[in-house]
Amino acid sequence: EQRWKRLVKRLSGDRRFQEALAVLHALEGGSVYPGPVGYNIVLAACAKAGAVDVAYDVFHNMESRGVVPNTYNYNTLISVCSRTRNIQGAFDVYHRMQDLGVPADTVTYGTLLHACSKAADLDRAMQIMHALKEAGITPDVVMYGTVIDALGKRGLLDQALDLFNDMKANNVAPNTHIFNSLIAASSKSNQASKAFEIFDDMQRSGLEPDDFTFSSLVTACGRAGLADKAWDIFQTMLASRPKANEFVFNSIISACGRCGQVDRAFEAFEGMKAAGHTPDSFTYSSLINACGTANDVDRAFALFTSMTDAGFTPDAFAFSSLIHACGKANQLSRAFDVFDSVQRAGVKPDLVTYSALLDACCKRGHLDKAFELLHQMRSVGLEANEFVYNSLISACGKAGQLHTALDLFDEMRSRSVTPS
RNA sequence: GUGGGCUGAUAUGGACA
């Protein structure tokens, strides 16, 4: 009886959706009835794979086979829209289920809220929250969590905290997700002390901090320049939870790097490997950055080499970090060498790669080279952003080229790039 | 009626100031 489920799961997990459907069709009229559950396994796999069109096909296929979609099926379809930031599609599905009298549940609302959040439509999310309360429905902990997290990601820490209080006033008990979101929100808003307040609150509530908690805390310290505090909390955590995951290690490496603590960053790097984790692209670019921040270009290059020796393909982040390190140490020709090697490595330089090099040129007063790069990036379809304009304008200013600076400023405004 | 299955929320890396 469970065999067909495993088969359908495996097939749809391998993106063999048509074969999965064929299995469901073959079961029709037999002794087992996969029904909405069977189709939802396929739908959920489409959602994970981001295969929107296939998901709709599966949904229609289910209907045409006389299987009436239930709340779960509609929820999954809403989730598909949500993942692809198709907020309109999500609400269309919701309205359709209302029209057909299929009851919405907490998951429906939670998924809709998540859709709003992914599409950065916080007003709509708040409207839903209010509408639910008007209808006498108290949002559950996941709904609160979704909106709290969305607010935090937009830098609206105070509103996130307001909602946190609102949920407690409604007797909804905060869980680990909620506290972790708030700690991450504090980190994003560069409020490390707030992060620790929430951390204390979390422990007073009897909840165990997890890897999410610690990586957010460490990141908060790193952003605030609290090197020792980052290291402290990391060490304390290791004492009680030696099996921290790679996120935690990457976070401490990055935090140490930001604070100019290269040696600690490398110590954590060793600890990471000793813990059995394979360093990933986050690890390497954080380390390169750590070297760059400390003006140790040679160490950055050595690391870059060991990274490729280990069979790792550098990505645009690694290259940009290396270019930035060269620029910061006034090694412009080396920066250009790296830039050339980007293309050779088959990596597409992106806006940040260009702007790192362009800024290095600007800082050295090589306006000609900077404008050449501007031209070059435009020729591959990359437009200048605020960072690029700022670099150029400030370099023109220093070089006494006021006309050019003003022209750039006008151009920037006419393209409605916000000056800062 | 009850239980179960498929669906929703959290953390890490690069450029100007």
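Order of the sequence lines sets the chain letters (A, B, ...), proteins ahead of strands, with each chain counted from 1. All of these numbers come straight from a predicted model, not from anything done at the bench. Scope of the values below: all heavy atoms of this structure, side chains included, with no hydrogens, waters or symmetry mates.
Here A:Tyr354 pairs with A:Phe339 under the ring pair (Phe, Tyr, Trp, His ring centres under 6.0 Å) rule; sequence neighbours left out. Applying the side-chain contact (heavy atoms from CB on, under 4.5 Å) rule to A:Asp337 yields no partners; only residues at least two apart in sequence or on another chain are considered. Evaluation of the side-chain contact (heavy atoms from CB on, under 4.5 Å) rule for A:Arg15 yields A:Phe17, A:Ala49, A:Ala51 as partners, not counting sequence neighbours. In terms of the side-chain contact (heavy atoms from CB on, under 4.5 Å) criterion, A:Ala302 has no residue partners (sequence neighbours excluded). Residues satisfying the ring pair (Phe, Tyr, Trp, His ring centres under 6.0 Å) criterion with A:His277, sequence neighbours excluded, are A:Phe249. The side-chain contact (heavy atoms from CB on, under 4.5 Å) search around A:His375 returns none, not counting sequence neighbours.
Protein atom CH2 of A:Trp4 is 11 Å distant from nucleotide atom P of B:C6, rounded to whole Å. The separation between A:Ile128 atom CD1 and B:G8 atom P is 17 Å, rounded to whole Å. The separation between A:Leu77 atom CG and B:G8 atom C1' is 14 Å, rounded to whole Å. A straight line from CG of A:Asp149 to C1' of B:A11 spans 10 Å, rounded to a whole angstrom. Nucleotide B:U12 holds its C1' atom 12 Å from the NE2 atom of A:His277, rounded to whole Å. The separation between A:Asn73 atom CG and B:U7 atom C1' is 9 Å, rounded to whole Å. Atom pair A:Ile288:CD1 and B:G13:C1' shows a separation of 10 Å (rounding to whole Å applied). In this structure, the CG atom of A:Leu151 is 14 Å from the P atom of B:U10, given to the nearest Å.
For B:G13, its base never sits under 3.5 Å from the side chain of A:Asp280 at any donor and acceptor pair. Side-chain atoms of A:Asp105 and base atoms of B:G8 include no donor and acceptor less than 3.5 Å apart. At a cut-off of 3.5 angstrom, counting only N and O atoms as typed in the model, there is a donor on one side and an acceptor on the other between the side-chain of A:Ser215 and the base of B:A11. The base of B:A11 has none of its N or O atoms less than 3.5 Å from a complementary donor or acceptor on the side chain of A:Asp210.
Atoms OH and OH, on A:Tyr109 and A:Tyr94 in that order, are 4.0 Å from each other to the nearest 0.5 Å. Here A:Met307 contributes atom CE and A:Thr313 contributes atom OG1; the two are 8.0 Å apart, rounded to the nearest 0.5 Å.
For residues 138-158 of chain A, every residue pair satisfying the salt bridge (Lys or Arg N to Asp or Glu O under 4.0 Å) rule, not counting sequence neighbours, is listed here: A:Asp149-A:Lys153. Among residues at least two apart or in separate chains, ring pair (Phe, Tyr, Trp, His ring centres under 6.0 Å) pairs with a member in residues 175-200 of chain A are A:Phe164-A:Phe179.
Residue side chain A:Phe247 fails the stacking definition with respect to B:U12, as its ring centre and the base's six-membered ring centre are not both under 5.5 angstrom apart and under 30 degrees in plane angle.
A:Thr283 comes within contact range of no nucleotide atom at all, as no heavy-atom separation falls under 4.0 Å. In this structure, A:Asn70 reaches neither bases nor backbone, as no heavy-atom distance under 4.0 Å exists between it and the strands shown. Contact annotation for A:Lys153: backbone-only contact, meaning every heavy-atom pair under 4.0 Å involves sugar-phosphate atoms and none involves a base. In this structure, A:Asp211 reaches the bases: a heavy-atom distance under 4.0 Å links it to at least one base atom across the strands shown.
Near RNA chain B, meaning a heavy atom under 4.0 Å from it, residues 108-120 of chain A has A:Gly110, A:Thr111, A:His114 in order of number. Contacts between residues 180-199 of chain A and RNA chain B, counted as heavy-atom distances below 4.0 Å, involve A:Asn180, A:Ser181, A:Ala184. Within residues 40-47 of chain A, the residues that have a heavy atom under 4.0 Å from RNA chain B are, in order of number, A:Asn40, A:Ile41, A:Ala44.
Heavy-atom neighbours of A:Arg415 CZ from other residues, nucleotides or ligands within 6.0 Å: above the threshold of 12. Enclosure of atom NZ in A:Lys328 by more than 12 non-hydrogen atoms of other residues, nucleotides or ligands within 6.0 angstrom is indicated.
Ion pairing between A:Asp92 and A:Arg96 fails under the 4.0 Å rule for side-chain N and carboxylate O. A:Lys194 and A:Glu197 are joined by a salt bridge, as a carboxylate oxygen and a charged side-chain nitrogen come within less than 4.0 angstrom of each other.
Both the sub-6.0 Å distance and the 45° axial angle are not jointly satisfied by A:Arg65 relative to the ring of A:Tyr39.
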N/O contacts under 3.5 Å, protein versus nucleotides 14-17 of chain B?
| residue | atom | partner | partner atom | Å |
| --- | --- | --- | --- | --- |
| B:G14 | O5' | A:Asn289 | ND2 | 3.4 |
| B:G14 | O4' | A:Ser321 | OG | 3.3 |
| B:G14 | N1 | A:Asp350 | OD2 | 2.9 |
| B:G14 | N2 | A:Ala316 | O | 3.2 |
| B:G14 | N2 | A:Ser320 | OG | 2.4 |
| B:G14 | N2 | A:Asp350 | OD1 | 2.7 |
| B:G14 | N2 | A:Asp350 | OD2 | 3.2 |
| B:G14 | N2 | A:Thr353 | OG1 | 3.2 |
| B:G14 | N3 | A:Ser320 | OG | 3.1 |
| B:A15 | O3' | A:His324 | NE2 | 3.4 |
| B:A15 | N1 | A:Asn385 | ND2 | 2.9 |
| B:A15 | N3 | A:Ser355 | OG | 2.2 |
| B:C16 | OP1 | A:His324 | NE2 | 3.2 |
| B:C16 | O2 | A:Asn390 | ND2 | 2.4 |

